[in-house]
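Contents: one structure, followed by commentary.
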Amino acid sequence: MNKIAPELVEELIERDTEKREIGLPNLPLADGEKVVMRFAPNPNGAATLGSARGIIVNSEYARRYNGKFILRFDDTDPVVKRPLLEAYDWYLEDCDWLDAKPDEVVVASERMDLYYKYAVALIEKGAAYVCFCPADVFKTYKNRKVPCPDRAASIETNMENWNKMLTGVYAEKEAVLRIKTDMAAKDPALRDWVAFRILKKDHPRIGKRYEVWPNLDFESAIEDHLLGITHIIRGKDLMKSEKRQQFLYDHLGWQYPITKHWGKIKMQEFGKFSTSELRRRIEEGEYEGWDDPTLPTLKALRRRGFQPEAIRKFFISLGVSQTDIAVSMKNMYAENRKAVDALASRYFFVHNPEEMRLLNGDSFVAKALKHPSGTDYREIKTGNTVYISGGDYAKLKVGEKIRLKYLCTVEIESLKPLRAKVIDTEPKVPVIHWAPSDSINVKVKKPDGIEEGIGEPLIASELGNVVQFERYGFVRIDSVVGKEVVAYFTH
RNA sequence: GCUCCGGUAGUGUAGCUCGGCCAAUCAUUUCGGCCUUUCGAGCCGAGGACUCGGGUUCAAAUCCCGACCGGAGCACCA
């Protein structure tokens with residue numbers, strides 16, 4: 001075949017290597033193009049699972065093509081989605097944690113003069129005008145495909161009015177700057193959109209320096225060009241943005257980046273959530289904070305012991321399809337299990353403990369593997385009692401033989417009180433875990449509540465680590481105070 | 001109402017640009033088995049999908065038309 005059709009062979013090889021690139025599809029690239037990607041959140045709260053998708057997919061592409069990844073804060077709304085001062089740093093932390101450290105960080109609210117400059121340039125081109133219509137009045141013009149009277153104002157008048165906007169002559173909602181598009185555009189969503197509006201509210205980051213703020217469509221359009229963004233990947237709710245912004249790019253003679261839009265993602269376990277709503281409920285005290293284990297924030301997942309590479313793999317496996325999806329966290333658990341299984345030491349934690357008296361002997365020592373595939377051992381000493389979980393206890397019958405893992409095999413003598421005699425090891429008996437007589441208290445915070453129990457003392461030595469409570473699940477040891485341990489349940 | 005976009009197993013996903021290697025990939029879920037010291041771990045195996053109708057073609061998940069279903073935009077939010 002090589003002799004007859006060498007170009008075919010080449011093509012086959014090419015296809016083969018392309019297929020091996022699992023996860024995200026390749027990006028359309030111009031020759032020698034340097035890829036610049038960005039993730040542009042509004043820092044009005046902590047990053048959520050939704051943010052993670054933006055951070056991971058964009059940074060992953062930047063990495064694949066040896067390009068640049070920019071984190072840009074689109075924080076030009078001090079009122080409706082008001083930025084949270086601490087959240088700027090939180091985003092940086094979360095990016096670092098997800099192995100997506102940005103090459104550059106841009107804060108829109110600090111670049112206002114830039115946006116003003118382009119506002120002026122557009123007015124001078126006759127491509128933007130100051131509109132005094134109340135929102136509902138403009139809407140009727142828009143629906144009738146009729147330009148509003150202000151659209152016809154001269155460039156000089158518009159410059160004058162724009163300066164009046166900037167110097168505080170007008171009240172909020174009295175005037176806006178609109179971009180001229182096409183009032184007869186088929187799609188009503190495209191007709192003469194608002195670029196700047198007046199908001200006389202201080203901005204958490206830069207105070208009261210400005211009263212005229214750009215909208216997302218304007219700010220991000222200017223920034224994407226200035227930052228040299230080559231590819232934009234974002235939610236499909238912003239699909240129309242591209243068409244609106246295209247008018248701006250045409251006015252300025254710019255070339256729009258290549259875009260890709262993904263559908264809405266819903267985690268089945270969390271339902272719908274918006275950052276604004278999360279913030280409201282946290283501020284009302286409904287949750288402990290942004291890292292409350294019931295929340296879909298990255299801070300919470302970190303506290304629960306999720307591994308960043310698992311979260312990356314999970315979102316990359318989701319791809320960038322435009323359909324809305326409802327995914328189960330189980331998929332992420334599965335990914336995380338692979339990451340965490342190798343590094344989590346095993347311990348015994350007993351939920352709803354029941355005391356079991358061991359009849360023949362006063363003290364016992366178990367030599368237990370820290371990890372089933374390792375060779376490190378831990379010693380668990382106990383007196384003539386152990387504790388087994390309420391769940392296991394409920395299933396016991398008198399005369400039944402069970403193995404206390406790593407310790408001994410016993411035969412149940414009585415259930416109330418629970419007594420058992422140690423017998424010779426036998427094959428094929430059920431194996432259960434247990435806790436020693438000198439156990440420490442362990443509270444496990446789960447997304448659906450707190451479970452209390454006891455566990456072997458060595459658990460206290462794992463502060464900050466992810467461990468597996470055998471036959472229970474993975475947890476991260478969050479705090480150790482004396483003999484009280486608090487663990488966050490991973491899955 | 002106007003406009004735009006999408007529809008592959010229970011859940012996601014690959015394949016669709018350029019029709020044939022697709023009796024459709026991978027993961028997860030479910031079910032079964034194994035591991036004589038994890039019945040929330042690990043290993044092995046099984047099951048399960050191209051929304052429907054028409055058209056083009058030797059050949060359609062892939063191209064065209066229509067229907068149905070779903071989502072998004074029409075904000076002085078992002």
Side-chain angles (χ1 to χ4, degrees), chain A residues 12 15 19 22-23 25 28 40-44 74-77 79-83 131 133-135 138-139 142-143 145 172-178 185-191 193-199 212-213 215-217 219-220 234-244 261 263-265 268 274-276 313-314 316-319 321-335 337-338 340-342 344 346 348 366 368-369 371-373 391-392 395 403-409 425-433 468-474 489 491:
Chain A
L12 283 176
R15 262 197 205 179
K19 269 191 181 159
I22 40 156
N42 174 16
N44 62 335
D74 285 350
D75 60 343
T76 58
D77 170 26
V79 178
V80 181
K81 289 186 179 167
R82 191 173 166 80
C131 171
C133 302
F138 187 84
K139 195 171 184 172
K142 179 172 71 186
N143 290 342
K145 302 188 181 181
E172 283 188 20
K173 304 199 175 200
E174 200 177 337
V176 294
L177 187 76
R178 285 187 189 277
K186 272 207 313 189
D187 187 343
L190 305 183
R191 298 169 197 162
W193 48 272
V194 171
F196 285 86
R197 78 287 208 202
I198 299 166
L199 297 168
V212 177
W213 290 91
N215 262 335
L216 177 75
D217 278 336
E219 176 268 325
S220 85
R234 60 185 167 196
K236 71 176 179 187
D237 48 318
L238 293 175
M239 254 171 159
K240 285 283 149 94
S241 270
E242 174 174 357
K243 292 189 173 162
R244 281 195 284 261
H261 296 96
K264 262 195 312 197
I265 176 170
Q268 289 166 5
S274 74
T275 307
S276 319
K313 279 185 188 160
F314 170 74
I316 288 168
S317 78
L318 254 35
S321 85
Q322 227 178 86
T323 22
D324 295 337
I325 52 176
V327 216
S328 168
M329 285 292 285
K330 283 180 182 170
N331 292 280
M332 196 156 97
Y333 295 163
E335 209 60 72
R337 204 172 284 134
K338 288 172 198 157
V340 106
D341 184 56
R346 269 58 170 171
F348 288 156
L369 279 169
H371 191 282
S373 60
D392 287 332
K395 285 181 246 166
R403 170 114 197 137
L404 297 172
K405 192 173 179 187
Y406 297 123
L407 189 67
C408 59
T409 306
T425 299
E426 285 186 33
K428 297 269 183 196
V429 295
V431 181
I432 65 168
H433 64 294
Q468 186 194 84
F469 285 167
E470 291 201 34
R471 299 213 299 140
Y472 183 81
F474 292 95
F489 189 70
H491 47 75

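Every heavy atom of this structure was used, including side-chain atoms; hydrogens, water molecules and symmetry mates were not.
We find that A:D77 and A:R197 are joined by a salt bridge, their nearest charged nitrogen and carboxylate oxygen being less than 4.0 Å apart.
The side-chain contact (heavy atoms from CB on, under 4.5 Å) search around A:A195 returns A:I179, A:W193, A:F218, not counting sequence neighbours. Considering only residues two or more places apart in sequence or on other chains, A:C133 meets the side-chain contact (heavy atoms from CB on, under 4.5 Å) condition with A:C131, A:V137, A:F138, A:Y141, A:C148, A:D150. Residues forming a side-chain contact (heavy atoms from CB on, under 4.5 Å) with A:N143 (at least two apart in sequence, or on another chain): A:K139. Remark: A:S220 engages A:Q245 in a side-chain hydrogen bond (donor to acceptor under 3.5 Å, both in side chains) (not counting sequence neighbours). For A:T409, the side-chain hydrogen bond (donor to acceptor under 3.5 Å, both in side chains) partners at least two apart in sequence or on another chain are A:R403. Under the rule for a side-chain contact (heavy atoms from CB on, under 4.5 Å), the partners of A:R471 that lie at least two apart in sequence or sit in another chain are A:D392, A:I432, A:H433.
Under the Watson-Crick or G-U wobble criterion, with both distances below 3.5 Å, B:G40 is left unpaired in every strand shown. When both distances must be under 3.5 Å, the Watson-Crick or G-U wobble mate of B:G7 is B:C68. The nucleotide B:A49 finds no pairing partner, because no Watson-Crick or G-U wobble arrangement with both distances shorter than 3.5 Å includes it. Across all strands shown, B:C18 forms no Watson-Crick or G-U wobble pair with both key distances under 3.5 Å.
Residues A:G473 and A:F489 share a closest heavy-atom pair of CA-CE1, 4.2 Å.
Distance CG (A:L318) to C1' (B:A14): 13 Å, rounded to an integer number of Å. Regarding A:I325, its CD1 atom lies at a distance of 12 Å from the P atom of B:U8, rounded to whole Å. The CG-C1' distance, from A:N331 to B:G10, rounds to 11 Å in whole Å.
A gap of 23 Å separates the C1' atoms of B:A24 and B:C64, to the nearest Å. The gap from the C1' atom of B:G53 to that of B:C58 amounts to 23 Å, rounded to the nearest Å. For B:U28 and B:C65, the P atoms lie 39 Å apart once the distance is rounded to whole Å.
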Using a cut-off of 4.0 Å between protein heavy atoms and nucleotide atoms, how would you tag nucleotides 65-78 of chain B 5' to 3' with B, S and -? ------SSBBSBBB

Using a 4.0 Å heavy-atom cut-off to protein, can you give one letter per nucleotide of nucleotides 39-44 of chain B, 5' to 3': B if the base is in contact, S if only the sugar-phosphate is, - if neither? BBSS--

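Dashed line: the shortest gap from a side-chain N or O of A:S321 to OP1 or OP2 of B:U13 is under 4.0 Å.
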What pairs of donor and acceptor atoms, side-chain ones from residues 323-330 of chain A against any protein atom, are under 3.5 angstrom apart with sequence neighbours left out?
from: A:T323; atom 1: OG1; to: A:S321; atom 2: OG; distance (Å): 3.1
from: A:D324; atom 1: OD1; to: A:K236; atom 2: NZ; distance (Å): 3.2
from: A:D324; atom 1: OD1; to: A:K264; atom 2: N; distance (Å): 2.7
from: A:S328; atom 1: OG; to: A:E269; atom 2: OE2; distance (Å): 2.9
from: A:S328; atom 1: OG; to: A:K330; atom 2: N; distance (Å): 3.0

